[in-house]
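Some notes on the structure that comes next.
Keep in mind that the numbers below use all heavy atoms, side chains included, and drop hydrogens, waters and symmetry copies.
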Amino acid sequence: MNMHTVVVGTSGTTAEDVIAVARRGARVELSAAAVEALAAARGTVEALAAKPEPVYGVSTGFGALASRHIGPGLRAQLQRNIVRSHAAGMGPHVEREVVRALMFLRLKTLASGHTGVRPEVAQTMADVLNAGITPVVHEYGSLGCSGDLAPLSHCALTLMGEGEAEGPDGTVRPAGELLAAHGITPVELREKEGLALLNGTDGMLGMLVMALADLENLYTGADITAALSLEALLGTDRVLAPELHAIRPHPGQGASAANMLRVLAGSGLTGHHQDDAPRVQDAYSVRCAPQVNGAGRDTLAHGRLVADRELASAVDNPVVLSDGRVESNGNFHGAPVAYVLDFLAIVAADLGSITERRTDRLLDKNRSHGLPPFLADDAGVDSGLMIAQYTQAALVSELKRLAVPASVDSIPSSAMQEDHVSMGWSAARKLRTAVTGLARIVAVELYAATRAVELRAAEGLTPGPASLAVIEALRDAGVQGPGPDRFLAPDLAAADAFVREGKLVAVVEAVTGPLA
């Protein structure tokens, strides 16, 4: 576990803290202000619980059963029962990083002082995170409204010492055994606490935050591979001139064009077609790369705006307000997050599409301006990168299917009480698949473009310093094997890791300086 500590206060958290806890195992700690706020809100809930008037979530049932008043003797059982009954997920286990993000973001809302749980409930959740215990959460069970109910219920079940969880060693065991092994006492839920543990958009938000981080890396990587393809195709970099992009001032477009121009600095390959084989213009997939990549970048910027707002939110129902009122509300509805998750799946599909078109152009001898068929060493004797493009095309087709929005597909539940839902969890799950596929698509272009640049160098042309650095790094990383036969069995998995882990961006930035 990473010993870096993230302090959880009353005013929300940051994307960087989510990533630190979810992916790097950072420890979490409640601030003194958060403990004070938790205690104050709990006092309000206990005062209301002592009154004869019913209060939703405190002394009533839930959802369509909210009209039933629950007496004091049954309220602890009610809270246990809501967790047990809602822990009804099915399907494969959700990734560890998603569950850690889910729990950390629920803890963030608890610490706001608007949920009415006792400080010890929040502390137990922090203890479970710090022990490296990960509740078993299943793929299916959330409609993205009234919170990510089933996923959060499985997490709450672990706090109670029930259900199954994964230990720090990756072994799945009964949660009670894992808590005991780490000296953690299971919580005994009281009024409102079961409901407060379940009612949030934390799963879809955690996946949004991580997808944004991954896509930021991939968009910069795609700017690099687009520039390498332009270079390999002897394209012109004149279309990247800042003054051209200034007259259509979309920020993402300008950033992508600037990135490509920096990657191509010092190249002896760009612009040759103006003299040797006149082309008035390069193909759209080359010439319009900044426009397409840039539109995606601007969508990412909108996604970050929505994520930041949600990270600053306290999502629960009912909520304890600062004036002591406990009010029912609809803030748990996942629409704002769900829409953005769907937008990002669309731009990922389109980035994959334009990337594949450049790869296909590199491999087609009729359009590659002198490169051998399929970039083969001996075309006919070997097939070069023909089937690498097939793989890329299959991934592009899948991303197009994943771009179909989930957020337009509401389905009513809870006896029509919850009659419009966001499907944000589903949008997040398919976006994760799309991001994984996009990294592989970019990796194939990287493999093909660097191969093509090497072939140009063999003709006596001089690639730019950034291209040469990438080629050398790929060899050092074992992406390409040694000797003249190294392209016969392309290691696309290694190329994918090179892109996905940020190595491509790091190598180029060592030459160019920071990219956008």
Side-chain angles (χ1 to χ4, degrees), residues 7-13 28-51 55-60 62 70-84 86-87 102-131 133 135 147 152-163 175-176 179-180 182-200 202 314-328 332:
V7 177
V8 185
T10 59
S11 58
T13 190
V28 296
E29 178 182 306
L30 293 169
S31 72
V35 174
E36 182 179 342
L38 282 157
R42 184 62 199 174
T44 299
V45 168
E46 290 179 351
L48 290 170
K51 293 182 177 182
V55 177
Y56 176 70
V58 177
S59 52
T60 71
F62 311 115
I70 308 297
L74 293 175
R75 290 175 190 170
Q77 181 181 341
L78 168 67
Q79 300 302 318
R80 289 195 301 271
N81 286 351
I82 190 176
V83 172
R84 290 168 176 165
H86 285 41
L102 171 76
M103 292 182 69
F104 173 68
L105 289 168
R106 196 69 215 142
L107 179 61
K108 173 268 297 182
T109 284
L110 299 183
S112 71
H114 290 293
T115 67
V117 306
R118 290 166 294 151
E120 48 263 46
V121 175
Q123 185 58 56
T124 301
M125 185 171 283
D127 292 342
V128 169
L129 281 166
N130 291 340
I133 297 171
L152 282 163
S153 297
H154 283 280
C155 294
L157 206 61
T158 294
L159 301 186
M160 294 165 52
E162 300 180 16
L179 294 188
H182 289 85
I184 301 172
T185 301
V187 297
E188 296 182 7
L189 300 176
R190 298 181 187 174
E191 292 95 342
K192 193 178 179 305
E193 291 180 337
L195 185 61
L197 291 172
L198 315 185
N199 221 331
D202 309 292
V315 177
D316 193 17
N317 181 47
V319 292
V320 182
L321 297 175
S322 56
D323 60 6
R325 287 180 295 145
V326 175
E327 296 284 1
S328 182
F332 50 74

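The closest side-chain heavy-atom distance from Pro119 to Leu30 is not below 4.5 Å.
For Arg325, the salt bridge (Lys or Arg N to Asp or Glu O under 4.0 Å) partners at least two apart in sequence or on another chain are Asp323, Glu327. In terms of the side chain to side chain contact (heavy atoms under 4.5 Å, CB included) criterion, Ser11 has no residue partners (sequence neighbours excluded). Residues that satisfy the side chain to side chain contact (heavy atoms under 4.5 Å, CB included) test with Ala87, not counting sequence neighbours, are Ser153, His154, Leu157. For Val326, the side chain to side chain contact (heavy atoms under 4.5 Å, CB included) partners are Thr44, Leu48, Val55, Pro318, Val320, not counting sequence neighbours. Evaluation of the side chain to side chain contact (heavy atoms under 4.5 Å, CB included) rule for Asn317 yields Tyr56, Asn199, Ser328, Asn329, Phe332 as partners, not counting sequence neighbours.
Rounding to the nearest 0.5 Å places CD of Gln123 at 8.5 Å from CD of Glu29. Going from atom NZ of Lys108 over to atom OG1 of Thr13 covers 8.0 Å, rounded to the nearest 0.5 Å. The line from CG of Leu159 to CG of Leu189 is 8.0 Å long, rounded to the nearest 0.5 Å.
Nearest approach of Gly116 to Val45, heavy atoms of both residues: CA-CG2, 3.7 Å. Here the shortest heavy-atom pairing between Ala41 and Gly113 reads CB-O, 3.0 Å. Of all non-hydrogen atoms in Pro186 and Gly161, the two that sit nearest each other are CB-N, 3.9 Å. When all heavy atoms of Ala33 and Thr10 are compared, the closest pair comes out as O-CG2, 3.7 Å. The shortest heavy-atom contact between Ala111 and Ala37 is O-CB, 4.4 Å. What you find for Thr158 and Pro135 is that their closest heavy atoms are OG1-CB, 3.2 Å.
At least one donor-acceptor pair closer than 3.5 Å links the side chain of Gln79 to the backbone N or O of Leu195. Side-chain N or O atoms of Asp202 include none that pairs as donor or acceptor with a backbone N or O of Met103 at under 3.5 Å. The main-chain N or O of Ala49 is found under 3.5 Å from a side-chain atom of Arg75 such that the two form a donor-acceptor pair.
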Worked verdict on Leu152 versus Leu197 for side-chain contact (heavy atoms from CB on, under 4.5 Å): CA-CA 7 Å; Leu152 282 163; Leu197 291 172; over 6 Å; no

Stepwise side-chain contact (heavy atoms from CB on, under 4.5 Å) test for Glu162 and Val83: CA-CA 10 Å; Glu162 300 180 16; Val83 172; over 6 Å; no

Working for side-chain contact (heavy atoms from CB on, under 4.5 Å), residues Leu110 and Val8: CA-CA 10 Å; Leu110 299 183; Val8 185; over 6 Å; no

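Checked against Val128 for a side chain to side chain contact (heavy atoms under 4.5 Å, CB included), the options Val28, Leu179, Leu107 give a single hit: Leu179.
For residues 184-193, the side chain to side chain donor-acceptor pair (under 3.5 Å) pairs, not counting sequence neighbours, are Arg42-Glu191, Arg118-Glu193, Lys192-Asp316.
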